[in-house]
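Remarks on the structure that follows.
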Amino acid sequence: MRVDVLGAGIVGLTVAEELGRRGYDVAVVDRDPASGASYAAAGMLSPGAEVWHGEEEILRLGLASLALWPALAERLGVALRRTGTLLVGYDGGDLQQVERQVALLGRHGHEARLLGRAGVRATEPALARVAGGALLPDEASVDPRAVCAALLDRVALREVPRPDAAVTVVATGAGLPAPWTGLVSGVRGEVLRLRSDDPPRRTVRGWVGGEAVYLVPRGDGRVVLGATSEAHSAPPVLTGGGALRLLASARALWPALDRAELVEGTARDRPATADGLPLIGPSGVAGVVLAAGHYRHGVLLAPLTARLVADHLETGHVDPAVDPRRTTEGAR
Ligand code: GLY
């Protein structure tokens with residue numbers, strides 16, 4: 001069966017790779033591949049650190065997808081850093097945020113170990129004195145740019161759709177075509193890339209005076225610092241205020257930031273849905289399947305999305321939590 005995947009971000013490319021492995025004749029359609037949210041993404045594979053109250057389904061989906069990442073990374077020949085995520089609270093109020101996160105995870109059977117000030121210091125000597133934290137040892141990270149480059153080596157890329165495709169998978173991130181345009185809106189994320197001789201060893205997800213910030217090291221001195229989060233309708237740009245807030249929060253946690261080389265700043269829109277869950281499955285239009293609206297979780301959920309789309313084409317199965325019909329029926 002001939003399938004076109006619209007959108008060569010990490011979701012579309014991973015869907016195409018999975019469909020190709022299952023014997024479909026697949027092409028990915030994109031004039032500017034891997035240049036959207038995947039280009040900005042830090043690559044946290046952090047279902048526990050990134051879940052929040054009211055979005056608990058993300059934990060189930062994220063854990064299922066995290067389990068698929070080792071095989072995908074091995075197939076692609078890209079590094080999967082399985083160093084865990086350290087949650088940290090800079091002051092007492094920020095530590096309450098960490099404790100709330102740990103309690104939320106505990107309620108869903110996902111235990112995280114709370115660490116005092118000394119425990120954080122021993123776990124991550126590069127950090128400043130913080131009030132405390134917690135370790136999520138099973139979490140990981142990848143370099144999304146390396147993942148997309150490896151996927152682009154393995155899939156057929158086209159600039160225009162094939163007229164004879166039997167199925168079209170729409171994976172165009174924050175810019176969905178009609179009639180689905182209104183189902184996803186852009187939430188700007190600004191991200192900085194640095195190079196340091198003293199990087200953290202693992203992903204650090206912190207709160208500093210109530211501001212959320214994360215540092216994702218690649219293991220070779222490169223560190224991704226993110227991310228702002230702002231709903232807006234203008235094209236995403238890196239702002240002075242956004243960069244300033246990120247640098248100020250990160251510096252409070254990681255003093256070596258002062259000596260780090262600031263390499264790049266990037267802003268892209270995250271594709272947000274009304275309920276924070278992606279749209280994976282039938283679109284309401286015959287022959288069109290959605291793989292969209294992954295919001296903060298596109299990198300994490302890419303392999304699960306690929307499996308769900310391929311299973312849907314083969315069996316018709318849809319995971320109810322991500323079934324687009326929960327929104328399309330009302331929206332169209
Ligand atoms: N998943 C990280 C972010 O969206 O900033």
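Values reported hereafter were calculated over all heavy atoms of this structure, with side chains retained and with hydrogens, waters and symmetry mates removed. Order of listing sets the numbers, starting from 1, for every ligand and every atom in it.
Neither the backbone nor the side chain of His297 has any atom closer than 4.0 Å to an atom of ligand 1 (non-hydrogen atoms only).
With hydrogens and angles ignored, the 3.5 Å screen pairs no side-chain donor or acceptor of Glu211 with any backbone N or O of Arg245.
For Arg22, the CZ atom counts as densely surrounded, since its 6.0 Å shell holds more than 12 non-hydrogen atoms of other residues, nucleotides or ligands.
Residue contacts with ligand 1: Tyr295 is excluded, as none of its non-hydrogen atoms falls under 4.0 Å.
Taking atom 5 (O) of ligand 1 as the reference point, the nearest protein heavy-atom neighbour is Tyr214 OH, 2.6 Å. The nearest heavy-atom contact from the protein to atom 4 (O) of ligand 1 is Arg270 NE, 2.7 Å.
Test Arg307, Arg60, His312 against Asp319 for side chain to side chain donor-acceptor pair (under 3.5 Å) and you get one pass: Arg60. Considering Asp138, Thr85, Thr203, Val142 in turn, Val142 is the only one that fulfils the side-chain contact (heavy atoms from CB on, under 4.5 Å) rule with Leu45.
Ligand 1 places these atoms under 4.0 Å from at least one heavy atom of Ala227: 5 (O).
In this structure, a donor-acceptor pair under 3.5 Å is present between the side chains of Thr239 and Glu190.
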